[in-house]
Every structure is written in structure tokens, then in C-alpha cells.
Amino acid sequence: MEGSFSELQNGIILRGLCTACGTCAGVCPAQAVGWADVDGEPLPELTGACANCGICTAVCPGAEVNIPVLEKFVFGRERPDEVPDLGFYREALAAWSADPSVRTRGAGGGLVTSLLVYALERGIIDCALVAGFRRDEPCRTEARLATVKEDILAAAQSKYACVPVNTLLNRALAQGCRRIAVVGLPCQIHGLRKTQFLGEPALLVKSIVFMVGLFCASQFYFEGTRHLIMERLGLTSLHDIAAMSYRGGDWPGHLVAELKDGRRLVLDRHQYMYHHLMPAFKRDRCEMCVDWSAELADLSVGDYWDPRARAGDALGTSSCLVRTAAGEEILKGAVQNGYVKTAEMEASRLAAGVGYELKKHGAAFRLKQRRRFGWPAPEYHRETDYTPFAREQQLAPETPS
């Protein structure tokens with residue numbers, strides 16, 4: 001295999017197809033790929049001597065994700081055409097942390113946090129790659145390498161700005177980790193599965209043992225967060241912020257900024273997600289992604305939305321699609337050892353959420369239009385059926401307690 005970073009740069013990055021997943025930096029044997037900040041967004045850049053191995057381009061999910069090939073690689077068979085389309089899964093569950101403090105702290109039910117803590121404490125993993133906030137600029141996100149329980153707890157909740165989590169793969173290996181878990185968005189899982197399919201770098205492929213994929217309707221430009229902070233919260237400087245959360249307070253959580261002067265500013269989630277950040281500042285590459293529920297992960301986890309639940313009156317709960325034997329084994333162990341609780345869930349009800357519509361219908365149609373006019377667009381080697389179907393009756397059952 002031959003190739004250079006310039007091919008990645010010219011064929012993907014400069015064409016607007018980079019997902020900022022971090023895979024190119026995380027797998028580079030020469031550790032020659034870093035990150036530039038362009039308009040507040042991370043973009044890969046060459047920071048060392050390229051070895052012309054071609055791995056970065058081969059594993060990049062920006063321009064191509066051969067879903068049929070990767071599904072056969074992961075699951076051993078081709079996907080049937082079903083409505084709603086959620087990919088392969090063994091079981092659908094509602095789940096939550098058995099620890100009330102973790103459940104309250106999480107964006108949903110604290111499921112991902114408790115699974116990682118269980119896997120770390122039982123020696124199933126050495127570390128987890130997660131999304132956190134920067135210590136020097138607490139309103140900005142960054143990838144974190146979690147090696148102790150406290151690191152995992154600190155990374156709880158959703159981050160609505162880009163986090164190149166996969167960039168830490170090389171660092172994890174350098175620190176001696178040989179059993180790595182990754183919590184990532186669908187594009188990050190795509191990059192990891194492409195790396196496994198390629199089989200290189202060999203040590204890294206062997207070391208990735210567990211992937212938690214997060215349901216993702218879209219990621220957002222940090223510019224959207226900056227506008228929220230200054231226009232809706234009234235701050236004149238980002239440096240006034242001591243800590244921030246996109247899902248702080250009672251479920252379902254709100255934008256919370258803790259200031260250095262002791263003040264606490266809160267913006268209701270529905271105001272900023274549905275009337276500002278979501279429609280105005282979605283990342284352009286996300287508008288072309290047709291994977292909502294992280295279809296290639298070992299476990300896929302997202303919010304569990306009950307239309308009857310009222311903000312402040314309900315505890316968060318996670319939706320979970322168990323996809324592989326590895327995911328099934330870890331979830332089963334976490335339940336048996338008292339870390340997690342679960343309840344049955346009808347998977348088709350997940351399609352009642354807005355995320356399904358944004359990705360499986362809206363993005364699929366948009367992708368077709370962009371290809372029609374010759375715009376840069378990713379190739380998934382599978383046409384996603386955006387045909388309408390009745391969804392108003394697909395309401396979630398009562399929230400488990």
C-alpha cells in the first residue's frame with residue numbers, strides 16, 4: 001500500500017469531507033499528523049515527516065465507508081432491507097446506571113459511564129478514549145485518555161462540538177495500553193472498523209477491544225456554542241467561564257456555564273438545540289451522513305425519549321442496541337455485577353425520534369441531491385431508503401424506573 005498525507009489533504013480534507021474523527025492522526029505510524037485550528041474547527045495537518053505508507057487515507061471515513069463490506073466483516077452477513085433501518089443488532093434495551101449519582105450525572109441514563117467503569121475495574125480494558133472539556137479553556141472540547149474511574153466520570157454527558165477522539169490511539173499505545181475502549185460517534189466507529197479491516201497498524205488493531213457508538217443526529221460547529229454563550233447568556237468573553245456543560249442540571253439537561261466570579265448561567269436545552277444550535281450550526285459533513293445509530297459499533301447508545309416525561313420530573317435513561325458478541329458480553333457482565341440495570345425495549349420505537357429523521361431520511365435525500373450536482377459527497381456503497389412511513393404512533397413506552 002502506498003500513498004501520502006497529500007492525498008488525504010487534496011482528496012478529502014480540502015474538499016470538505018473530513019469528519020474530524022481523528023483516525024488519521026491516531027493510526028499514523030510516523031505520528032506525523034496533528035491538528036490545525038481553522039475557524040475554531042479542528043482540521044488534520046502534517047506536522048512531521050510523512051512515511052508515504054497510505055494508511056491515513058485508507059482508514060479515513062470522510063470520502064468512503066463501504067458499509068456492506070464492513071458489515072460483512074463485523075457481522076458476517078449482509079443487511080436485510082427493514083423499516084425502520086437500524087442496522088444489525090442482537091437486542092434492544094432501555095438501560096441506566098445502577099449508581100444514582102452516575103445516572104443523574106449522565107446525559108441519558110449514565111449507561112456508557114457505568115459500562116466503562118465496570119470494564120476498567122474488572123481489567124477488561126486498560127483505558128477508554130472519551131470526549132471532555134479543555135482544562136485551559138473550559139468551554140472548548142478535547143479528546144481525553146481515561147485510565148482511572150475519575151477520568152471516566154469527568155467525561156460524562158454529551159459534547160456538542162467536535163472532538164477528534166481517535167487521535168489518541170497512538171498515545172494509548174505509547175502509554176502501554178493494550179486493551180483500548182473507544183466511545184465515538186458513527187464516523188469515528190467507521191474509522192476504527194476501516195482500520196481493523198485494513199489490518200494495519202497491527203498492534204493497534206489488536207488493541208482495540210470495545211467500541212461504544214453514540215447515536216448522532218449531527219455534530220455542531222463550535223461557532224454555534226460561541227454564539228449561544230455571547231448572544232443568549234450575555235457573556236463578552238469566553239475566558240469568564242470556569243466550567244461548562246451541554247447537558248447540566250436535571251434531565252434532559254441544559255447549557256450551563258459556571259463563571260469564575262461564582263455565577264451560574266443556564267440556557268434551556270430546547271431553546272438552544274431546536275431553535276438555534278441544531279438548525280443553524282450543524283457541521284456540513286454531518287449533513288451527508290446516513291448512520292444515526294452507530295451501526296458498526298459493539299454497543300450503540302443514545303438518549304431514551306419518552307414523550308410523556310416532563311423535564312425535571314424524570315431520570316435519564318439510555319437506549320441501547322447490542323450489536324456484537326463483545327458488546328453483549330460486557331453489558332451482561334455489567335448487569336450481573338450490579339453496575340447497570342436494563343429493561344426490554346421495542347427497537348422500532350427509536351424511529352420516533354428526530355435523530356432518525358435527520359439522518360436516515362433527511363441526510364439520505366440530501367446526499368442524493370449533492371451527487372446529482374457533482375458536489376463533494378461521501379460514498380457509502382448502499383442507498384438508504386428515505387421513503388416516508390407512519391411514525392406518529394411509534395411513541396416510546398413509559399420511562400423505566
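Note that the coordinates shown come from a computational prediction; the quantities given were computed from them, not determined experimentally.
- Although no hydrogens or angles enter the test, the distance criterion places no donor-acceptor pair under 3.5 Å between the side chain of Arg15 and the main chain of Ala377.
- Distance alone, capped at 3.5 Å, places no donor-acceptor pair between the Gln31 side chain and the Gly48 backbone.
- Proximity of a side-chain donor or acceptor of Thr147 to a complementary backbone N or O of Cys127 within less than 3.5 Å is not detected.
- Annotation: side chain of Tyr380 is in contact with side chain of Leu367 (closest heavy-atom distance under 4.5 Å).
- Checking side-chain atoms of Arg105 against main-chain N and O of Ala156 turns up no donor-acceptor pair under 3.5 Å.
- Rounding to the nearest 0.5 Å gives a distance of 7.5 Å between OG of Ser101 and CG of Leu153.
- When the salt bridge (charged side-chain N to carboxylate O under 4.0 Å, His left out) test is applied to Arg382, the partners found at least two apart in sequence or on another chain are Asp81, Asp85.
- Scanning all heavy atoms of the two residues, the minimum distance from Ala107 to Asp303 falls at O-OD1, 3.4 Å.
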Evaluate side-chain contact (heavy atoms from CB on, under 4.5 Å) for Lys360 paired with Asp385, printing each intermediate quantity in order. CA-CA 7 Å; Lys360 305 303 289 187; Asp385 186 0; over 6 Å; no

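- Classified by interplanar angle (parallel below 30°, tilted 30° to 60°, perpendicular above 60°), the ring pair His227/His276 is tilted.
- Counting only residues at least two apart or in different chains, salt bridge (Lys or Arg N to Asp or Glu O under 4.0 Å) contacts with residues 157-178 are absent.
- A side-chain donor-acceptor contact under 3.5 Å links Ser318 to the backbone of Gly109.
- Residue Leu116 comes nearest to Ile125 through the heavy atom pair O-CD1, 4.0 Å, listed as atom of the first residue, atom of the second, then distance.
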Check the pair Glu41 / Arg285 against salt bridge (charged side-chain N to carboxylate O under 4.0 Å, His left out), numbers first and verdict last. CA-CA 13 Å; Glu41 296 298 308; Arg285 174 60 176 78; over 6 Å; no

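- The ring-ring contact (aromatic ring centres under 6.0 Å, His included) search around Phe75 returns Phe88, not counting sequence neighbours.
- Nearest approach of Cys18 to Arg283, heavy atoms of both residues: O-NH2, 3.7 Å.
- Salt-bridge check for Arg179 with Asp126: passed, with a basic side-chain N closer than 4.0 Å to an acidic carboxylate O.
- Across Thr195 and Val27, no two heavy atoms sit closer than the pair OG1-CG1, 3.9 Å.
- Side-chain contact check for Tyr356 versus Leu350: every heavy-atom pair is 4.5 Å or farther apart.
- Looking at heavy atoms from C-beta onward, Cys139 lies in side-chain contact with Phe222 at the 4.5 angstrom threshold.
- To the nearest 0.5 Å, atoms CG (Leu321) and CD (Glu91) are separated by 10.0 Å.
- Using modelled atom types and a 3.5 Å distance limit, the side chains of Arg90 and Thr324 yield no donor-acceptor pair.
- Here the side chain of Tyr272 pairs a donor or acceptor atom with the backbone of Tyr246 at under 3.5 angstrom.
- At a threshold of 4.5 Å between non-hydrogen side-chain atoms, the residues Trp292 and Leu86 count as touching.
- In this structure the side chain of His361 never reaches within 4.5 angstrom of the side chain of Phe365, judged on heavy atoms.
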For residues 330-338, which side-chain donor-acceptor pairs fall under 3.5 Å, sequence neighbours excluded?
unit_1: Asn337; atom_1: OD1; unit_2: Arg122; atom_2: NH1; d: 2.9
unit_1: Asn337; atom_1: OD1; unit_2: Arg122; atom_2: NH2; d: 3.2
unit_1: Asn337; atom_1: ND2; unit_2: Gly333; atom_2: O; d: 2.7

Intermediate values then yes/no, side-chain contact (heavy atoms from CB on, under 4.5 Å), Cys60 and Cys24: CA-CA 6 Å; Cys60 175; Cys24 56; 5.8 Å; no

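- Counting non-hydrogen atoms of neighbouring residues, nucleotides and ligands closer than 6.0 angstrom, the CD atom of Glu379 exceeds 12 such neighbours.
- With hydrogens and angles left out, the side-chain atoms of Ser97 and Asp99 include no donor and acceptor closer than 3.5 Å.
- Put simply, the side chain of Glu329 does not reach to within 4.5 Å of the side chain of Ile124, judged on heavy atoms.
- Under a 3.5 Å cut-off, the side chain of Lys359 and the backbone N or O of Ser293 do not form any donor-acceptor pair.
- A donor-acceptor pair shorter than 3.5 Å cannot be found between the side chains of Gln369 and Arg366.
- A donor-acceptor pair is defined here as one N or O able to donate and one able to accept, closer than 3.5 Å; such a pair exists between the side chain of Arg247 and the backbone of Pro252.
- Evaluated for a side-chain hydrogen bond (donor to acceptor under 3.5 Å, both in side chains) with Glu295, the options Arg323, Arg79, His190 yield exactly one hit, Arg79.
- Residues satisfying the side chain to side chain contact (heavy atoms under 4.5 Å, CB included) test with Arg134, not counting sequence neighbours, are Asp136, Glu137, Arg140, Glu142.
- With sequence neighbours excluded, no residue forms a ring-ring contact (aromatic ring centres under 6.0 Å, His included) with Phe210.
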Begin from the C-alpha positions of Asp39 and Glu223 and carry the test side-chain contact (heavy atoms from CB on, under 4.5 Å) through to its verdict. CA-CA 8 Å; Asp39 295 330; Glu223 187 67 11; over 6 Å; no

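- The distance from the OG atom of Ser245 to the OH atom of Tyr160 is 9.5 Å, given to the nearest 0.5 Å.
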Could you walk me through whether Ser300 and Tyr89 satisfy the side-chain contact (heavy atoms from CB on, under 4.5 Å) test, starting with their C-alpha distance in whole Å, then the side-chain angles of each, then the deciding distance to 0.1 Å, before giving a yes or no? CA-CA 9 Å; Ser300 297; Tyr89 61 91; over 6 Å; no

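- For the atom pair Ser158 OG and Gln219 CD, the distance stands at 9.5 Å (nearest 0.5 Å).
- Applying the 6.0 Å contact sphere to CG of Asp261 captures more than 12 heavy atoms from other residues, nucleotides or ligands.
- For the atom pair Ser207 OG and Ile180 CD1, the distance stands at 5.0 Å (nearest 0.5 Å).
- Between the side chain of Asn170 and the backbone N or O of Cys28 there is at least one donor-acceptor pair closer than 3.5 Å.
- Between Met288 and Pro378 the shortest heavy-atom distance is SD-CD, 3.7 Å.
- Of the N and O atoms on the side chains of Glu64 and His381, at least one donor lies less than 3.5 Å from an acceptor on the other residue.
- Taking CG of Leu203 as the start and CD of Glu200 as the end, the distance is 12.5 Å to the nearest 0.5 Å.
- Proximity of Val165 to Val183: side-chain heavy atoms (C-beta onward) are nowhere separated by under 4.5 Å.
- Within the 4.5 Å cutoff, no side-chain heavy atoms of Cys289 are placed close to those of Cys187.
- His254 contributes a side-chain N or O that, together with a main-chain N or O of Arg269, makes up a donor-acceptor pair within less than 3.5 Å.
- Shown here for Gln196 and Ile208, the closest heavy-atom pair between the two residues is NE2-O, 3.8 Å.
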